[in-house]
> 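My structure is below; once you've seen it, I'll send some questions.
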Amino acid sequence: MNKLLYTLAGGAALAASCAPGQKNARTGGLPNVVIILADDLGYGDLGCYGALNVRTPAVDRLAREGTRFTNAYATASVSTPSRYSLLTGQYAWRRSDTDIAVGDAGMIIRPGQYSMADLFKNAGYATGAFGKWHLGLGEDGGKQDWNAPLPSGLSDIGFDYSYIMAATGDRVPCVFIENGRVVNWDPEAPIEVSYRQPFEGEPLAKDHPELLYNLSSSVGHNQAIVNGIGRIGYMRGGGKALWKDENIADSITVHALNFIEENKDRPFFVYLATNDVHVPRFPHQRFRGQSGMGLRGDAIVEFDWTVGAILDRLDALGLAENTLVIVTSDNGPILDDGYRDQARELLGGHDPSGGLRGNKYGTYEAGARVPALVRWTGHVPAGATSEALLSHVDLFASFAGLLDGRLPRGAAPDSRDALEAWLGRDPAGRDYVIEQANNRCLSVRTSEWKYIPPSDGPDAYSWAPGAELGYQKTPQLYRISTDPGEQENVAEIFPDIVSAMQSVLDNL
Ligand code: NG6
Ligand code: CA
């Protein structure tokens, strides 16, 4: 066995030998857990990661009071598979139905599948989900009746309470759903949704640019029009239930704050997935102009406001010390994601990728390497930076270790207990991390190398102008330790490393 493989095998054995009980003894009592998951927030988009122009004082405060990670990974460079893995501890590519979901997809995490919310609920926590869901709802994808309680939803996978958007800001239905029912449902305007055909009499964005009074589309987003913005998918009705994009962050944050307040006397788990900074970027008026980078920069300011509101409420309730807070992102950044919001033109030197190569969708580092900050006073080193290799897929088993909870057979099959690394105490972390691109190409990252296997796929997507995908017909190997920008492909110089890395993939 060559050295690399030996190390990989040794690492896995080590992880398996840690008994969860020891973890609990080391950490003491059980904290509340709050995960704040940004959308499309890049590795370089926060002040504490070197952002220019935009100020992010709340997240920067977390960096001072907790640990900031420089090698933390979402499992995928797009949303649905990334979120699926985080919440189930299973790699999304093991299933065929986990790619970017349409807005009327049926539930992807099946009732009966053991989710991260189940883990916390079974440990006595109150569990709440807020914001972007994008993992399907209901039993009958494409045929849900949005005018009635959905037959299955987040309460079937462990969430006591949920206040969510079904999919993304740019996909219909453009309504909030609270515990499986549309919020402010309007009997005068029953909701119809289709991803197949338009509804007669409903104007479409592609035919009526004059109706796009808030934001115009650059690519796609040319079907339903809601709030003066074109969307993906057809929709009719909604009336009073339709969201206003400028209020989305407020709605999500206030519901999370209320949940925290209501559950302040018992342990709680909050999964808060912001709409920021996904398209359509349309932050509230009070954030406009604050970054000097237009709507995308102002959406980062709005994201930071959400983080600050949560931290302030934890302080006010005296819960700051006993709450483990994680801030991270579902995947990397993209500038033009289908709306004319001048994200690229107004950068003013800011680099959303923080010096990494690539972007959302692709195989290169900026696709899945994301900001990650963890604060748990007294347990996580304050003001520290950790280079440990981390993957979101491990949060599940790490929390199980924290809770001393045993997992049912088959639960979270790809998740390893990496609690010590996530708490900033193990400087190494994983032996390798898997990064999934939008075409399902799986790359392997170790502390020294990044391997991208040959894969089919276009050089570019017509629907994501300017995005670099990195799909190539020949192997790519980068010595990431000395070439963090993935500039020099050394696959031909190190064939042994290529085959060792490929065998990691073959043995997954
Ligand atoms: C793409 C959308 C993009 C975004 C993405 C999913 C177009 C042209 N592009 O198809 O705007 O919604 O899907 O993003 O429609 S994610 O962060 O939820 O994965
Ligand atoms: Ca995303």
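Just so you know, ligand 1 is whichever comes first in the structure, and atom 1 is the first atom listed for that ligand. It should be emphasised that the depicted structure is a prediction, and the values quoted were computed from it without experimental measurement.
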> Return the name of the atom in D330, of element N, O or S, nearest to the Ca ion (ligand 2).
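D330's closest N, O or S atom to the Ca ion (ligand 2) is named OD2.
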
> Looking at A74 and S329, what are the two nearest heavy atoms and their distance?
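Between these two residues, the closest heavy atoms are CB-O, 4.0 Å.
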
> On the six-membered ring of Y91, is R440 placed so that its NZ or CZ lies under 6.0 angstrom from the centre and within 45° of the ring axis?
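Judged by the rule (NZ or CZ under 6.0 Å from the ring centre, within 45° of its axis), R440 is not positioned above Y91.
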
> Checking the N or O distance criterion of under 3.5 Å, is ligand 1 in contact with W463?
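The answer is no, given that W463 and ligand 1 share no N or O pair closer than 3.5 Å.
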
> Just by distance, do the side chain of N71 and the backbone of A388 share a donor-acceptor pair under 3.5 Å?
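Side chain of N71 to backbone of A388, a donor-acceptor pair under 3.5 Å: no, none is there.
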
> With respect to atom 5 (C) of ligand 1, which of Y461, Y339, Y361 exhibits the smallest heavy-atom separation?
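Going through Y461, Y339, Y361 one by one, Y361 has the nearest heavy atom to atom 5 (C) of ligand 1.
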
> Would you check if the Ca ion (ligand 2) lies under 3.0 Å from any N, O or S atom of N331?
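Under 3.0 Å: N331 contacts the Ca ion (ligand 2) through an N, O or S atom.
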
> Heavy atoms only: which of N222, I334, D170, D330 is nearest to atom 12 (O) of ligand 1?
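It is D170 whose heavy atom sits nearest to atom 12 (O) of ligand 1.
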
> Locate the shortest heavy-atom distance separating F396 from G89; write the atom from each residue and the value.
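That closest heavy-atom pairing would be CD1-N, 3.7 Å.
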
> What is the closest protein heavy atom to atom 18 (O) of ligand 1, and at what distance does it sit?
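It is K132 NZ, 2.8 Å.
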
> Write down the atom of S415, the atom of D394, and the distance for their closest heavy-atom approach.
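Nearest pair, atom of S415 first, then D394: OG-CA, 3.3 Å.
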
> Checking a contact table here: which protein heavy atom is nearest atom 7 (C) of ligand 1, and how many Å away?
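It is H221 CE1, 3.6 Å.
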
> State whether the side chain of N179 and the backbone N or O of S162 hold a donor-acceptor pair below 3.5 Å, judged by distance alone.
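Yes.
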
> Would you name the N/O/S atom of D39 that lies closest to the Ca ion (ligand 2)?
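Checking each N, O and S atom of D39, the shortest distance to the Ca ion (ligand 2) belongs to OD1.
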
> What atom name does the N, O or S atom of D40 nearest to the Ca ion (ligand 2) carry?
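When I compare the N, O and S atoms of D40, OD1 is nearest to the Ca ion (ligand 2).
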
> Nearest 0.5 Å, please: how far is CD1 in I36 from OG1 in T328?
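Interatomic distance, T328 OG1 to I36 CD1, rounded to 0.5 Å: 11.0 Å.
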
> Do any nitrogen or oxygen atoms of R171 come within less than 3.5 Å of a nitrogen or oxygen of ligand 1?
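Yes, since at least one N or O of R171 sits under 3.5 Å from an N or O of ligand 1.
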
> With a 4.0 Å cut-off, would you call R281 and D337 a salt bridge?
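Salt bridge: no.
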
> For ligand 1, which part of D40 has a heavy atom less than 4.0 Å away: the side chain, the backbone, both, or neither?
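For D40, the contact with ligand 1 is made by the side chain alone.
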
> Cation-pi check for F282 against R288: NZ or CZ below 6.0 Å from the six-membered ring centre and within 45 degrees of the axis, yes or no?
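Yes, R288 sits over the ring of F282.
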
> Check ligand 1 against V279 and write out every atom of the ligand that is under 4.0 Å from a heavy-atom position of the residue.
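Contacts of ligand 1 toward V279, numbered from 1: 11 (O).
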
> Output the list of atoms in ligand 1 that are nearer than 4.0 Å to some heavy atom of V219, sorted by atom number.
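Those atoms are 8 (C).
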
> Can an N or O of T168 be found at a distance shorter than 3.5 Å from an N or O of ligand 1?
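Between T168 and ligand 1, no N or O pair is found under 3.5 Å apart.
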
> How far is atom 14 (O) of ligand 1 from its nearest protein heavy atom, and which residue and atom name does that atom have?
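Minimum-distance protein heavy atom for atom 14 (O) of ligand 1 reads K360 NZ, 2.8 Å.
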
> Look at atom 15 (O) of ligand 1 and say which protein heavy atom is nearest, naming residue and atom and giving the distance to 0.1 Å.
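For atom 15 (O) of ligand 1, the nearest protein heavy atom comes out as I232 CD1, 3.3 Å.
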
> Check each atom of ligand 1 against the heavy atoms of V78 and keep those under 4.0 Å away; list them by number with element.
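Reading through ligand 1 atom by atom, the close ones are 19 (O).
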
> Just jot down the ligand 1 atoms closer than 4.0 angstrom to any heavy atom of H134, in number order.
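Matching atoms, with element in brackets: 18 (O).
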
> Any atoms of ligand 1 less than 4.0 Å from a non-hydrogen atom of N331? List them with their elements.
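Near N331, the atoms of ligand 1 are 17 (O).
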
> Please work out, at 4.0 Å between heavy atoms, whether the side chain, the backbone, both, or neither of D337 comes within that distance of ligand 1.
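D337 to ligand 1: contacts from backbone and side chain alike.
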
> Relative to the ring of W422, is the ring of F69 parallel (under 30°), tilted (30 to 60°) or perpendicular (over 60°)?
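F69 and W422: tilted rings.
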
> Would you call the rings of W133 and F159 parallel, tilted or perpendicular, taking 30° and 60° as the class edges?
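Ring orientation of W133 relative to F159: perpendicular.
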
> Give the ring-plane orientation class for W463 versus Y461, where under 30° counts as parallel, over 60° as perpendicular and anything between as tilted.
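Rings of W463 and Y461: parallel, as their planes differ by under 30°.
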
> What protein heavy atom sits nearest atom 19 (O) of ligand 1, and how far off is it?
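I find the closest protein heavy atom is S79 N, 2.9 Å.
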
